Each structure stands twice: as structure tokens, then as C-alpha cells.
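What follows is a single structure, written as C-alpha cells, with notes after it.
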Amino acid sequence: DTGVSQDPRHKITKRGQNVTFRCDPISEHNRLYWYRQTLGQGPEFLTYFQNEAQLEKSRLLSDRFSAERPKGSFSTLEIQRTEQGDSAMYLCASSFSAGTYEQYFGPGTRLTVT
Amino acid sequence: QKEVEQNSGPLSVPEGAIASLNCTYSDRVSQSFFWYRQYSGKSPELIMSIYSNGDKEDGRFTAQLNKASQYVSLLIRDSQPSDSATYLCAVNFNSNSGYALNFGKGTSLLVTP
């Protein structure tokens, strides 16, 4: 059983550029979550999908952020017109939709906006 | 505002001792509680989940939940230097719309040889 994978692991971009991250969940999991974590803070929820449907979005998810999960498998998170404040670790997690709802995290994508 | 509170530490314990990590949360209808371990520069790793009042043991770890007091704790017995990490408490506030986890800022644990 492979875990959650994320790509890329690190991304350095210049302010104003667009970036896209990918997450592949654990194969049996139909829920997929995106979180953002900055230094010294716990992860903050951004959005989640059940299958291909995006069911919840945090107010943190400004209109520069968009997430998709087109076939209910992998997901992408795109940030348009990046700002220095977007620098953070972007974490993806997945879970079953029934039972314990335990969420398992991928290794994260560390974004640095210069 | 639904919140999860943890003492940021650092909590320093000698090798072999019991480490006690505490967490309080603000919403009485919360149903699911989790402890994650996070090493520096790495992602959170799930170590314990607890859903009902009382204790739940898994190896050297014991999670304790008291919903009336809105309090959840993690005990680590026979602490090892490899346990040195940040421990994150996470709560699902069981909102109508979703299953997002709300995290505390974490408690830094240092186990000294």
C-alpha cells in the first residue's frame, strides 16, 4: 500500500508567476484534502474533495487558488499570481469516506516565492 | 471561532520518562480527535486517534479524552530521543459541511539522553 504522494517536493518561483502542485492519494481513499502550513503553525485547511466533487473551501482559499480532482483520483492545486505570503508547505491528505476518517498526509510541497 | 489550543513548549523530558502532552478545544460537539507527530521539515504523521471518552493505548502511546472538559492528552511512556518532534493535536469539529481537521500549533517535545 503506497502512501500519499505529492509533486514537486520543492518549488521556487518568482512573485506573480503561476504554480501547480499535484497530489496522488492512497488508492482506496475517496476523500482528498489540501492544507497549508507555515513555520510555527499547525496545518490550516484549504479545501476537500469527495471523489471529484469539491465539497468545502476555506475562506483562506482566495480566488487566486483553484483546486481540481477531475476523475476522483489525483488532485491539482494551482496558485495564480503568487505572492510572497503564499510561501508555505502545501500538504495533501486522504481518507476513507466512512469509518474512522483518519487522514494521512503526503510529504508536502514546499513553496518559496521570491 | 473554533479553536484548538496547545502549549508550544518546548517540553523537555529525560530518556525513559513519561511525556505528557495536552490539548484543549473549544467546540462541545467535536467527535474526532487525533494526534500527529511532525519531525522538522517533514509532514505530519498520524500516531493516535480517539473518539470516545477514556483512554486508548497503542504501544508506548496513550491518548486520553474528556469531552466534558473539552480536553485531550497524549502520554508517551519510556520516551526515547527519537520521540523528539512536534506533536500536533487535531480536532474534527463535525461541521455540517465537512471533515476538515483543525490543528493546534503543536507542542515541541525534546527527549534528552
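Numbers restart at 1 for each chain; the letters A, B, ... are given by sequence-line order, proteins then strands. Everything numeric here is computed off the predicted structure, so don't read it as measured data.
At a threshold of 4.5 Å between side-chain heavy atoms, the hydrophobic network of Ile, Leu, Val, Met, Phe, Trp and Tyr places A/Phe49 and A/Ile26 in two separate groups. The cluster map of Ile, Leu, Val, Met, Phe, Trp and Tyr, joined by side-chain heavy atoms under 4.5 Å apart, puts B/Val91 and B/Tyr71 in different clusters. At a threshold of 4.5 Å between side-chain heavy atoms, the hydrophobic network of Ile, Leu, Val, Met, Phe, Trp and Tyr places A/Phe74 and A/Leu77 in two separate groups. Under the 4.5 Å side-chain heavy-atom criterion for grouping Ile, Leu, Val, Met, Phe, Trp and Tyr, A/Ile79 is connected to A/Leu61 within one hydrophobic cluster. By the criterion of side-chain heavy atoms lying less than 4.5 angstrom apart, applied directly or through intervening Ile, Leu, Val, Met, Phe, Trp or Tyr residues, A/Leu91 is not grouped with A/Leu46; the two fall into different hydrophobic clusters.
Among residues 105-114 of chain A, the residues having any heavy atom closer than 4.5 Å to a heavy atom of chain B are, in sequence order, A/Phe105, A/Gly106, A/Pro107. Of all residues in residues 103-113 of chain B, those placing a non-hydrogen atom less than 4.5 angstrom from a non-hydrogen atom of chain A are B/Phe103, B/Gly104, B/Lys105. Inspection of non-hydrogen atoms places B/Gln38, B/Gly41, B/Ser43, B/Pro44, B/Leu46, B/Ser49, B/Tyr51 of residues 37-54 of chain B under 4.5 Å from chain A.
Applying the side chain to side chain donor-acceptor pair (under 3.5 Å) criterion to A/Tyr101, with sequence neighbours excluded, gives no partner residue.
Contacts between A/Gln37 and chain B at a heavy-atom distance below 4.5 Å involve the side chain alone, from C-beta outward. Interface residue B/Leu88: only side-chain heavy atoms are found under 4.5 Å from chain A.
Atom CD of A/Glu68 has 12 or fewer neighbouring heavy atoms from other residues, nucleotides or ligands inside a 6.0 Å radius. For A/Leu60, the CG atom counts as densely surrounded, since its 6.0 Å shell holds more than 12 non-hydrogen atoms of other residues, nucleotides or ligands. Summarising the local packing, NZ of B/Lys56 is surrounded by more than 12 heavy atoms from other residues, nucleotides or ligands at distances under 6.0 Å. The environment of CZ in A/Arg15 is sparse: at most 12 heavy-atom neighbours from other residues, nucleotides or ligands sit within 6.0 Å.
Taking OH of A/Tyr48 as the reference point, atom CG of B/Leu101 lies at 11.5 Å (rounded to 0.5 Å).
Ranking A/Met89, A/Gln50, A/Glu44, A/Glu102 against chain B, the residue ahead of the rest is A/Glu102, based on heavy-atom pairs under 4.5 Å.
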